[in-house]
Amino acid sequence: MDTPGTISCDEELRHWPADEDQARTVQDRLRPYVRLDEPGPEPGFEGTVVGVDVAYDDARNVVAAAAVALDARTRAVVDEATAVGQVSIPYVPGLLAFREIPTVLAALDRLARTPDLVICDGYGVAHPRRFGLASHLGVLTGLPTIGVAKNPFTFRYDPPGPERGATSPLLDGDEEVGRALRTQKGVKPVFVSVGHRVSLDRACAHTLHLAPDYRIPETTRAADALCRRALAGI
DNA sequence: GCGACAG
DNA sequence: ATCTTGTCGC
């Protein structure tokens with residue numbers, strides 16, 4: 001059933017790392033599957049953009065994930081799904097994906113149709129090993145993914161211009177790993193990076209289109225609200 | 001060794 | 001991420 005040269009999502013979930021060293025090894029093994037040569041859906045495409053996010057209950061070691069599908073053009077919510085899981089490992093910078101992905105995959109599976117594009121709350125290739133949450137989710141699902149983070153993580157940047165839509169390079173040394181994108185005039189930028197099968201230009205264009213009124217894209221806002229509600233209902 | 005560090 | 005009151009402003 002598996003195509004040679006691709007990865008099996010089920011297989012990866014069965015071989016989930018038990019400690020930090022194993023997790024880093026998994027990232028190094030999967031990183032070559034990230035595709036950076038595809039432009040991805042064009043801005044304004046006909047289809048669905050799905051936002052995913054999770055919320056935690058540390059006391060009970062529980063994580064709730066939400067996936068909300070929006071019409072990519074109108075941004076109207078067309079579907080939503082949630083899932084609940086157990087937290088396996090503590091948060092370690094660089095290993096965020098291992099806390100979120102199993103439950104996020106479960107939520108994505110409960111959507112009525114396959115997403116055309118997925119927006120993650122975090123980073124893609126802007127990552128110490130170039131394999132952040134969005135890239136990891138992309139490789140496991142095969143779907144085009146984008147990472148939109150609220151903080152610059154370990155990277156540096158010069159502030160983009162004050163106007164909505166202004167960008168500046170997000171740098172790891174002298175390498176551009178993403179962009180700071182001003183989604184609202186005079187408001188702190190968000191940090192966009194490629195996850196899988198999308199160009200950086202289009203990743204920024206999609207992010208800007210999804211944030212007409214607020215700093216954070218509507219996909220992430222909707223998923224954030226839903227996973228909090230799901231967690232509260234347990 | 002020390003500090004910083006997506007969510 | 002999460003813990004949390006009031007407060008400034010549209």
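A note on names: the letters A, B, ... follow the listed sequences, proteins ahead of strands, and every chain is numbered from 1. Computed from a predicted structure; not experimentally measured.
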| said: Let me confirm one number: the NE2-CG distance from His209(A) to Leu70(A), rounded to the nearest 0.5 Å. | reply: 9.0 Å
| remark: Whole-Å distance, His127(A) NE2 to dA6(B) C1', equals 9 Å
| query | When the ring planes of His136(A) and Phe98(A) are compared, do they come out parallel, tilted or perpendicular, using 30° and 60° as the limits? | reply | perpendicular
| request: Determine the contact category for Ala55(A): base if any of its heavy atoms lies under 4.0 Å from a base atom, sugar-phosphate if only primed atoms, P, OP1 or OP2 are that close, otherwise nothing. | output: sugar-phosphate
| request: Output yes if the stacking criterion (under 5.5 Å between centres, under 30° between planes) is met for Tyr91(A) over the base of dG7(B), else no. | output: yes
| task | Can you tell me the distance, in whole Å, between the CG atom of Leu170(A) and the C1' atom of dA6(B)? | result | 11 Å
| task | Would you mind reading off the distance between Phe153(A) atom CZ and dA6(B) atom C1', rounded to a whole angstrom? | result | 5 Å
| query | Just wondering, do Ile234(A) and Val84(A) contact through their side chains at under 4.5 Å, heavy atoms? | reply | yes
| task | Considering just the side-chain nitrogens and oxygens of Asn151(A), establish if one lies under 4.0 Å of OP1 or OP2 belonging to dG7(B). | result | yes
| request: Using a heavy-atom cut-off of under 4.0 Å over every strand shown, decide if Leu95(A) touches base, sugar-phosphate, or nothing. | output: base
| task | Round to the nearest Å and state the distance from Lys150(A) atom NZ to dT2(C) atom P. | result | 10 Å
| Which nucleotide, dT2(C), dG7(B), dC5(B), lies nearest any side-chain atom of Ala149(A)? | dG7(B)
| note | From CZ of Phe98(A) across to P of dG7(B) the rounded distance in Å is 18 Å
| Short side-chain N/O contact from Arg228(A) to OP1 or OP2 of dA1(C), under 4.0 Å | yes
| Rounded to the Å, how far apart are Asp172(A) CG and dA6(B) P? | 14 Å
| Atom CG of Asp224(A) to atom C1' of dA6(B): distance rounded to whole Å? | 14 Å
| said: Between Leu133(A) and Glu100(A), is there a side-chain heavy-atom distance shorter than 4.5 Å? | reply: yes
| Do Arg129(A) and Gln27(A) have a side chain donor and acceptor closer than 3.5 Å? | yes
| remark: Asn61(A) atom CG is separated from dG7(B) atom P, nearest whole Å, by 21 Å
| message | So Gly147(A), base contact, sugar-phosphate only, or nothing? Heavy-atom distance under 4.0 Å. | response | nothing
